[in-house]
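Right, one structure below, let's go through it.
Keep in mind the model is a prediction, meaning the values are calculated, not measured. Atoms within each ligand, like the ligands themselves, are counted from 1 in listed order.
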Amino acid sequence: MHTVTLLPEKKKIPVGKILCLGKNYAEHAKEFGGNVPQSPMIFLKPPTAIIENGGDIILPPLSKNVHHEVELTVLIGAAGKNIPKSDAMNYVAGYGIGLDMTMRDKQSEAKKEGSPWSIAKGFDTSAPLSPFVPKASVSDPYNLDIKLSVNGKQRQHSNTGKMIFKIDEIIAFLSLVFTLEEGDVIFTGTPEGVGQVIANDVIDAEIPGIGLLHHRVVAK
Ligand code: MG
């Protein structure tokens, strides 16, 4: 059973669905020449993609171009369906930091073919995930510094205030389609600055006040 950790009690919660947003920061959407979506663009990762802070990110042999994407993550704490936006934040248990590791070459092929992104986004170790801090400890989830460096050199640095679809809108939208359950995790999208990592790179990512991640990239 794959679990996530909710601080401060370090409560272990079985992971449910991992729901991810694409193109939720305008500057990142521009990096790929894409327009900002009119409604949230959603894909999923399986629970087997999760690794804890410090675990190795294993480069899949299928890809020659694996990218880092640093994201604010949201842990759902209660079950709900058709949740109104006005009530949505009551379903949030906590916040964390995650990496949405992506086989960019396989994603590009899938986009061209109109095929799903499951392989490009859902491979083993593609979802490094910090423990979650309780919602009550975060006064404003839309004013958080978010940054990532590779081998000590900064690649991504933005603020969660720049996300296009806010957390309440995301939860309301998702719950029209999926019954949300305790243990579901939402990746809220990455800001600009995504790029390739190769074997032996070291990734450090942080949202101060929320969490940090430290991972080595390995080829096996
Ligand atoms: Mg992403």
Side-chain angles (χ1 to χ4, degrees), residues 4 15 17-51 57 59-60 63 65-76 95-111 115-130 132 141-142 144-150 155-167 169-171 173-174 178 184-197 203-207 210-213 215 217:
V4 291
V15 181
K17 297 176 284 302
I18 306 171
L19 301 149
C20 309
L21 270 81
K23 296 185 179 173
N24 202 27
Y25 286 77
E27 291 300 317
H28 170 63
K30 268 192 222 165
E31 286 183 308
F32 294 95
N35 295 324
V36 168
Q38 296 300 301
S39 64
M41 206 271 286
I42 307 297
F43 59 92
L44 289 95
K45 289 177 186 269
T48 44
I50 291 176
I51 55 171
I57 294 170
L59 293 171
S63 179
N65 190 13
V66 172
H67 276 203
H68 57 76
E69 299 187 359
V70 64
E71 311 197 2
L72 175 70
T73 56
V74 176
L75 178 65
I76 295 296
Y95 299 101
I97 179 173
L99 301 181
D100 168 18
M101 300 304 297
T102 302
M103 294 190 212
R104 194 69 72 199
D105 45 359
K106 291 291 160 192
Q107 186 196 29
S108 297
E109 284 172 22
K111 282 180 181 174
S115 300
W117 295 4
S118 307
I119 286 173
K121 290 287 197 178
F123 59 93
D124 286 355
T125 75
S126 67
L129 203 52
S130 75
F132 290 85
Y142 308 119
L144 299 169
D145 205 36
I146 180 168
K147 56 193 176 183
L148 177 144
S149 67
V150 178
R155 296 257 190 105
Q156 295 189 267
H157 188 195
S158 187
N159 188 285
T160 56
K162 293 182 179 173
M163 68 172 71
I164 297 164
F165 296 104
K166 307 299 187 197
I167 294 159
E169 292 176 272
I170 295 168
I171 289 172
F173 178 82
L174 287 172
F178 307 98
D184 288 350
V185 174
I186 301 170
F187 277 67
T188 58
T190 195
E192 70 278 14
V194 301
Q196 188 178 9
V197 287
I203 299 176
D204 284 287
E206 186 177 12
I207 301 177
I210 302 284
L212 50 80
L213 292 169
H215 295 275
V217 179

For Lys30, give me all partners under side-chain contact (heavy atoms from CB on, under 4.5 Å), at least two apart in sequence or on another chain. Glu27
Quick one: which of Lys106, Arg104, Met103, Gln107 gives a side chain to side chain contact (heavy atoms under 4.5 Å, CB included) with Asn65? Arg104
Taken by chain and residue number, the protein N/O/S atoms under 2.8 Å from the Mg ion (ligand 1) read Glu69 OE1, Glu71 OE2, Asp100 OD2
For the residue pair Tyr95 and Thr188, establish whether any side-chain heavy-atom pair is separated by less than 4.5 Å. no
Glu169 with Lys166: basic N within carboxylate O range, under 4.0 Å: no
Return each pair, listed once, that meets salt bridge (charged side-chain N to carboxylate O under 4.0 Å, His left out) where at least one residue sits in residues 118-130; pairs must be two or more places apart or across chains. Glu69-Lys121, Asp100-Lys121
Mind checking what makes ring pair (Phe, Tyr, Trp, His ring centres under 6.0 Å) contact with Phe32, not counting sequence neighbours? His28
